[in-house]
Amino acid sequence: MAKLVINAWDRKSKISRELYGQFSEHLGRGIYEGIYVGEASDIRNIKGMRCDVVEALRRIQLPVLRWPGGCFADYYHWKDGIGPGEKRKKIVNANWGDVVEDNSFGTHEFMELCEQIGCEPYICGNVGSGTVEEMSDWIEYLTFDGSSPMSELRAENGHPEAWRVKYWGVGNENWGCGGNMTPEQYGQEFRRYRTFCRNYGDNRLYCIAGGADVADYQWTEGVMKTAAYTGNRRLMDGISLHYYTQPNTWEHKKRATEFELSDYYRGFVRALRMNELIEKHCEIMSRYDPAHEVGLVVDEWGAWYEVEEGTHPAFLYQQGTVRDALLAAVQLDIFNKHSDRVKMANLAQMVNVIHSIILTEGRHMILTPTYFVFELYKGHQDASLLGSWLETEEIGDEESRIPSLSHTASIKDGELHLTVSNLSPFRSEEIDCYILGYTPEIMEGRILQGDMAAHNTFDNPENIKLNELQEIKRKDGGISFILPACSVAEIILKENSPKK
Ligand code: AHR
């Protein structure tokens with residue numbers, strides 16, 4: 001039996017809903033086919049967007065979507081993707097398989113998609129191969145409400161009203177595919193580009209600097225030092241971090257469904273490294289931003305495996321198993337725990353690419369086990385993180401040791417939301433939960449559970465789905481429940497007369 005203590009009086013940081021964001025790039029079947037099929041398609045769509053995918057994203061209350069890349073962003077010229085479809089420039093997508101990009105999904109389509117989903121757009125501008133003028137024009141095109149060359153062009157293209165865009169990325173991976181810059185060089189570029197990222201009307205941009213890969217602390221240091229502030233004025237709202245979980249090596253990746261127990265444990269050791277990365281990057285950020293005004297934005301994360309057999313190696317299409325759902329759960333717990341500093345996170349990538357929550361094949365769509373983690377965790381969005389303590393045991397093998405359990409507790413509008421994962425592949429665990437300052441009267445729960453390699457396929461789309469969590473027992477001072485091996489559960493508690 002494992003003890004869990006939750007202190008409902010101890011309200012910590014607000015878990016910003018943007019921690020539950022996604023990322024979609026012009027890569028493989030991520031956008032084309034996965035999201036956008038065009039109006040002429042016989043797949044059910046509204047203005048070209050697949051209805052099944054949009055409905056699934058609405059169900060998990062997707063808060064924010066990052067686009068158009070990734071590496072594609074620093075290669076993308078937004079004017080290629082506006083205007084009549086037949087006139088749009090066809091380009092080669094040199095980052096991802098040299099395939100033809102016909103630009104049929106561009107600015108208007110992305111904004112339409114976000115409106116259909118009901119999420120915030122997060123647009124990543126081009127620093128690597130673009131110009132300050134191009135980025136500045138894009139912002140004017142999107143958000144300027146008066147009369148100007150860009151707003152008139154927008155109206156000519158069928159959208160006279162300005163859109164609202166908050167999240168703006170100033171380049172992506174500028175240490176690599178975004179221009180091979182040094183941190184100081186990028187820092188200087190950020191200062192220049194940022195100057196022309198204007199707030200039109202009451203639209204307020206939240207400008208995010210292209211941040212580090214994994215443990216490249218020198219990058220964070222150089223960019224923060226050069227560009228976080230000019231004098232006393234803050235230039236940067238956020239800085240990003242990219243970290244992918246790779247249980248093996250990049251040269252010897254295995255497929256998502258083909259792994260040994262040792263890969264399973266090693267995968268968690270690597271996923272849990274996210275905690276150390278966040279703490280160390282934040283420590284550096286604090287040196288240049290002692291008031292903690294700059295947020296850390298983990299805008300690419302997830303488990304990256306070998307592509308599925310018979311698929312294009314540059315399309316990065318992989319399956320997703322219960323292991324991946326658990327890997328996502330432990331990392332979301334880390335983001336929640338650091339929600340005082342981490343302001344957004346975007347799983348890479350939403351549909352058909354790397355660690356997806358949705359897979360499509362022609363007209364068919366399936367949800368991966370990771371999708372259900374986002375469903376179980378949506379109650380944490382904008383809730384207050386609660387102080388809590390969970391007793392865990394160490395499990396694993398000689399090489400890799402991991403905690404057996406992971407959790408988050410939060411409260412919003414009087415509702416206490418608890419998510420707990422059991423990472424043990426073999427052993428179920430009873431959780432004995434004490435709650436201070438809260439008397440639950442109404443309890444409900446859901447659970448995702450399966451063998452570690454279990455997954456959904458187009459032939460068996462509901463192999464892994466959510467079920468009701470049976471037998472949540474009320475006891476003196478709290479509740480108890482049983483978590484089977486390889487499971488993630490959500491418990492919602494309500495009081496009869498909620499305290500404020
Ligand atoms: O998500 C795939 C790629 O990984 C992105 O384009 C890039 O930013 C990262 O290296």
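Computation of the quantities below employed the complete heavy-atom set of this structure, encompassing side-chain atoms and omitting hydrogens, waters and symmetry-equivalent molecules.
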**OP:** Give the C-alpha distance, both sets of side-chain angles, the deciding distance and a yes or no for side chain to side chain contact (heavy atoms under 4.5 Å, CB included) between Leu4 and Leu418.
**Re:** CA-CA 11 Å; Leu4 167 63; Leu418 170 66; 3.8 Å; yes
Kindly compute the distance separating [atom1] ([X]) from [atom2] ([Y]), expressed to the nearest 0.5 Å.
X	Y	atom1	atom2	value
Ile411	Leu386	CD1	CG	5.5 Å
Met443	Ile491	CE	CD1	8.5 Å
Leu469	Leu448	CG	CG	12.0 Å
Asp382	Tyr20	CG	OH	10.5 Å
Phe481	Lys475	CZ	NZ	11.0 Å
Ile334	Leu272	CD1	CG	5.0 Å

Within a strict 4.5 Å, meaning less than it, do heavy atoms of the [X] and [Y] side chains meet?
X	Y	answer
Asn126	His77	yes
Tyr265	Pro425	yes
Asp299	Val297	yes
Pro121	Phe110	yes
Ile46	Val54	no
Gln381	Pro63	yes
Lys337	Asn275	yes
Arg66	Met344	no

Original post:
Cation-pi between Arg29 and Tyr317: NZ/CZ under 6.0 Å from ring centre and within 45° of the ring axis?
Top reply: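 Yes - Arg29 lies over the ring of Tyr317, closer than 6.0 Å to its centre and within 45° of its axis.
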Subject >> Cation over ring face, Lys47 and Tyr36, 6.0 Å, 45° >> reply: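 No, Lys47 and Tyr36 do not form such a contact.
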Grab the two heavy atoms, one from [X] and one from [Y], that are nearest each other, plus how far apart they are.
X	Y	value
Gly69	Cys124	O-CB, 3.4 Å
Ala2	Leu405	CB-CD1, 3.6 Å
Ser356	Thr368	O-OG1, 2.7 Å
Ile15	Ser410	CD1-CB, 3.9 Å
Val420	Ile431	CG1-CD1, 4.4 Å
Met350	Gln22	CA-OE1, 3.4 Å

Give a yes or no answer on whether the side chain of [X] reaches the backbone of [Y] with a donor-acceptor pair at less than 3.5 Å.
X	Y	result
Asn45	Arg50	no
Glu101	Asn103	yes
Asn174	Asn172	yes
Asp74	Val127	yes
Ser406	Val330	no
Glu25	Cys71	yes
Asn352	Thr360	yes
Gln246	Trp304	yes
Trp219	Gly210	yes
Tyr438	Gly414	yes

Original post:
Mind checking whether Tyr75 and Trp96 have ring centres under 6.0 Å apart?
Top reply: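 That pair fails the under 6.0 Å test.
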**OP:** Answer yes if the ring centres of Tyr32 and His26 are under 6.0 angstrom apart, and no otherwise.
**Re:**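 Yes, they do, as the ring centres are separated by less than 6.0 Å.
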**OP:** Decide side chain to side chain contact (heavy atoms under 4.5 Å, CB included) for Phe23 and Gln349; before the verdict, give the C-alpha distance in whole Å, the side-chain angles of both, and the deciding distance to 0.1 Å.
**Re:** CA-CA 5 Å; Phe23 165 44; Gln349 300 192 5; 3.1 Å; yes
Atom [atom1] of [X] with >12 non-hydrogen neighbours under 6.0 angstrom:
X	atom1	result
Glu394	CD	yes
Lys79	NZ	yes
Asp340	CG	yes
Glu398	CD	no

Whether [X] and [Y] hold their rings parallel, tilted or perpendicular, with breakpoints at 30° and 60°:
X	Y	answer
Phe335	Trp301	perpendicular
His312	Phe315	parallel
Trp163	Tyr141	tilted

Original post:
Any side-chain donor-acceptor pair under 3.5 Å between Thr321 and Asp324?
Top reply: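 On atom types as modelled, these side chains qualify, holding a pair under 3.5 Å.
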Original post:
Going by distance alone, is a donor N or O of one side chain under 3.5 Å from an acceptor N or O of the other, for Ser104 and Asp102?
Top reply: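 Yes, because at least one side-chain N or O of Ser104 sits under 3.5 Å from a partner of the opposite role on Asp102.
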Original post:
Please walk me through it: do Arg88 and Glu109 pass salt bridge (Lys or Arg N to Asp or Glu O under 4.0 Å)?
Top reply: CA-CA 13 Å; Arg88 293 193 192 176; Glu109 289 75 21; 3.2 Å; yes
Is it true that [X] and [Y] have a side-chain N and a carboxylate O under 4.0 angstrom from each other?
X	Y	value
Glu120	Lys166	no
Glu375	Arg59	no
Asp42	Arg363	yes

Original post:
Given the rule in the side chain to side chain contact (heavy atoms under 4.5 Å, CB included) test, do Thr392 and Leu423 qualify, once you have shown the distances and angles that lead to the verdict?
Top reply: CA-CA 11 Å; Thr392 67; Leu423 310 186; over 6 Å; no
**OP:** Would you please test Thr370 and His355 for side-chain hydrogen bond (donor to acceptor under 3.5 Å, both in side chains) and show each step?
**Re:** CA-CA 8 Å; Thr370 301; His355 192 158; 2.9 Å; yes
**OP:** Tell me, with the steps shown, if Gln116 and Leu57 meet side chain to side chain contact (heavy atoms under 4.5 Å, CB included).
**Re:** CA-CA 10 Å; Gln116 288 189 23; Leu57 297 172; over 6 Å; no
Subject >> side-chain hydrogen bond (donor to acceptor under 3.5 Å, both in side chains) between Tyr243 and Gln331, worked out >> reply: CA-CA 11 Å; Tyr243 176 53; Gln331 291 185 87; over 6 Å; no
Subject >> Test side-chain hydrogen bond (donor to acceptor under 3.5 Å, both in side chains) applied to Ser487 and Asn422, step by step >> reply: CA-CA 5 Å; Ser487 66; Asn422 181 1; 4.9 Å; no
